[in-house]
Student: 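Okay, here's the structure, questions in a sec.
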Amino acid sequence: MTEKKGYAGNGFVHVKNPHLALMDEDILYHLDLGTKTHNLPAMFGDIKFVCVGGSPNRMKAFAQFMHKELGFEGDGKDVKDICAGTDRYSMYKVGPVLSVSHGMGIPSISIMLHELIKLLHHAKCRGVTIIRIGTSGGLGIEPGSVVITDTALDSFFKPQFEQVILDNVVVRSTELDKDLAEELLNCSKEIHDFPTMIGHTMCTYDFYEGQGRLDGALCSFSSEKKLEYLKRAYNAGVRNIEMESTVFAAMCGLCGLKAAVVCVTLLNRLEGDQITVPHEVLLEYQRRPQQLISIFIKKRLGLYNQNKLLDNAFFFSN
């Protein structure tokens, strides 16, 4: 069974679950929020941009960075974790921007997205753009390159996400918003410090064997088989590999969210499996998607000054 995308004409974030309307209360357990315990429209109704990433510390740093970029008073160091009552995810709000951690892998981001999408729905948010920012392994491209995903592919290079529901396999589309990807690529032209491109992203269920690594606790294939597989992925248009994009694209598309995935590459997987660059270089790489998204958000809000690119290093030093 294949499910199709559906964008709401009124711009609201919609849910595809008739049971929610019959519930007296919706407890967003893993976010430590709820429809009776919190006034979600008052707290989140002005959200226009949601940025999600794996690391809680990285998403806090991004919130602090956006605090400065959007011109709010103070240094943003006291930005509060809205989900402090749980140790599963972290969430920070800076004006119309929500910064949320999602953990690692499809199951973790899937749980977060279910509750985040319901949160945006209950808060009556409109015209929301959601972007996953993160790190990835590159394929045939220079480490430090930023890849804007046009389509997320599974391990068979198919543009789909298979969800097992009860005892059925439901296939969902993983195409992302092409216009949004092009808009982000245009924003990248303001930055000349690193290459940015649009390409396919392969999403796997595992970091080691699932991505053809030779350095895990288990490995049942040769180095020749690994390279043959990765070269086939490259020829299929894959430019980076991570572990969240297929379910992210599928869920956002079904719920009417304009979505994008923007990841920096930490290495070229055709040349090796382990990340060997120094820690300070990794930190600089991790700032690159955030810098790009900052320009995108400021342009959307009419706040971007082309002649004044801020030095980001201070804001990401922690």
Side-chain angles (χ1 to χ4, degrees), residues 1-23 26 28-31 33 35 40 44 47-54 89 91 98 100 102-103 105-134 148-181 183-184 200-205 242-263:
M1 181 172 67
T2 302
E3 287 186 332
K4 296 181 179 180
K5 292 184 177 184
Y7 292 107
N10 56 15
F12 286 110
V13 178
H14 64 280
V15 291
K16 300 186 72 174
N17 181 359
H19 303 288
L20 290 180
L22 306 176
M23 293 168 52
D26 191 2
L28 309 178
Y29 172 75
H30 299 90
L31 301 181
L33 295 167
T35 54
L40 299 181
F44 301 101
I47 291 296
K48 295 297 182 184
F49 307 97
V50 179
C51 296
V52 304
Y89 305 105
M91 178 186 293
L98 200 62
V100 191
H102 60 59
I106 286 173
S108 183
I109 192 174
S110 172
I111 294 166
M112 188 280 291
L113 284 173
H114 273 283
E115 297 185 16
L116 172 65
I117 291 169
K118 290 197 296 176
L119 167 65
L120 298 172
H121 172 74
H122 292 313
K124 303 185 184 335
C125 297
R126 298 183 67 172
V128 176
T129 298
I130 182 168
I131 302 173
R132 174 175 130 66
I133 52 179
I148 302 167
T149 308
D150 54 2
T151 303
L153 306 182
D154 64 14
S155 296
F156 300 96
F157 319 139
K158 294 181 180 179
Q160 64 183 36
F161 173 67
E162 292 188 348
Q163 175 73 60
V164 178
I165 302 174
L166 304 182
D167 57 352
N168 293 314
V169 176
V170 177
V171 179
R172 292 168 170 168
S173 169
T174 56
E175 287 190 10
L176 290 150
D177 191 274
K178 298 293 191 293
D179 292 336
L180 179 56
E183 186 176 355
L184 288 164
H200 296 345
T201 295
M202 184 168 73
C203 178
T204 67
Y205 286 90
E242 45 88 277
M243 296 185 291
E244 293 88 15
S245 58
T246 50
V247 69
F248 175 81
M251 291 183 67
C252 291
L254 286 168
C255 293
L257 284 161
K258 301 290 186 180
V261 177
V262 180
C263 289

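Basis for what follows: all heavy atoms, side chains included, without hydrogens, waters or symmetry-related copies. Worth saying up front: this structure is predicted, and the values here are computed from it rather than measured.
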Student: With rounding to the nearest 0.5 angstrom, report the CD to CD1 distance, Gln163 to Ile106.
Tutor: 9.0 Å
Student: Let me see the working for Asp150 and His200 under side chain to side chain contact (heavy atoms under 4.5 Å, CB included), right down to the final yes or no.
Tutor: CA-CA 6 Å; Asp150 54 2; His200 296 345; 2.7 Å; yes
Student: Does the side chain of Leu116 reach to within under 4.5 Å of the side chain of Val52, using non-hydrogen atoms?
Tutor: yes
Student: Please confirm whether the backbone N or O of Tyr89 pairs with a side-chain atom of His102, one donor and one acceptor, at under 3.5 Å?
Tutor: no
Student: Is there a donor-acceptor contact under 3.5 Å from the side chain of His121 to the main chain of Val13?
Tutor: yes
Student: At what distance, to the nearest 0.5 angstrom, does OG of Ser245 lie from CE of Met202?
Tutor: 9.5 Å
Student: What is the minimum heavy-atom distance between Val100 and Val50, and which atoms define it?
Tutor: CG2-CG1, 4.4 Å
Student: For the residue pair Thr246 and Gln160, what are the closest heavy atoms and their distance?
Tutor: CG2-O, 4.1 Å
Student: May I ask you to check whether over 12 heavy atoms, not counting those of Tyr29, lie within 6.0 Å of atom OH?
Tutor: no
Student: Would the distance check show the side chain of Asn168 and the main-chain N or O of Val170 forming a donor-acceptor pair, the cut-off being under 3.5 Å?
Tutor: no
Student: Do you know which two heavy atoms are closest between Ala181 and Thr149, and how far apart they sit?
Tutor: CB-O, 4.3 Å
Student: Does Phe44 offer a backbone N or O that forms a donor-acceptor pair with the side chain of Lys124 under 3.5 Å?
Tutor: no
Student: Nearest 0.5 Å please: distance from the CG atom of Leu119 over to the OG1 atom of Thr35.
Tutor: 11.0 Å
Student: Are the side chain of Glu115 and the backbone of His30 linked by a donor-acceptor contact shorter than 3.5 Å?
Tutor: yes
Student: Let me confirm one number: the CD-OG1 distance from Glu244 to Thr201, rounded to the nearest 0.5 Å.
Tutor: 11.0 Å
Student: Determine, step by step, whether Leu120 and Ile130 satisfy the side chain to side chain contact (heavy atoms under 4.5 Å, CB included) criterion, reporting the C-alpha distance in whole Å, the side-chain angles of both residues, the deciding distance to 0.1 Å, and the verdict.
Tutor: CA-CA 11 Å; Leu120 298 172; Ile130 182 168; 5.6 Å; no
Student: Measure the SG-NE2 distance between Cys255 and His114 for me, rounded to the nearest 0.5 Å.
Tutor: 8.5 Å
Student: Output the distance between atom CE (Met112) and atom CD1 (Ile117), rounded to the nearest 0.5 Å.
Tutor: 8.5 Å
Student: Assess whether side chain to side chain contact (heavy atoms under 4.5 Å, CB included) is satisfied between Glu242 and Cys203, documenting all intermediate values.
Tutor: CA-CA 5 Å; Glu242 45 88 277; Cys203 178; 3.6 Å; yes
Student: If you compare all heavy atoms of Ala259 against all heavy atoms of Leu176, which two are closest, and at what distance to 0.1 Å?
Tutor: O-CD2, 3.6 Å
Student: Kindly determine whether Asn17 and Lys118 satisfy side chain to side chain contact (heavy atoms under 4.5 Å, CB included), including the steps that lead there.
Tutor: CA-CA 10 Å; Asn17 181 359; Lys118 290 197 296 176; over 6 Å; no
Student: Side chains of Glu162 and Arg172: does their closest heavy-atom pair fall under 4.5 Å?
Tutor: no
Student: Using only atom types and a distance under 3.5 Å, with no angle test, would you say the side chain of Thr174 pairs donor to acceptor with the backbone of Pro159?
Tutor: yes
Student: Report yes if the side chains of Leu33 and His122 come closer than 4.5 Å at any heavy-atom pair, otherwise no.
Tutor: no
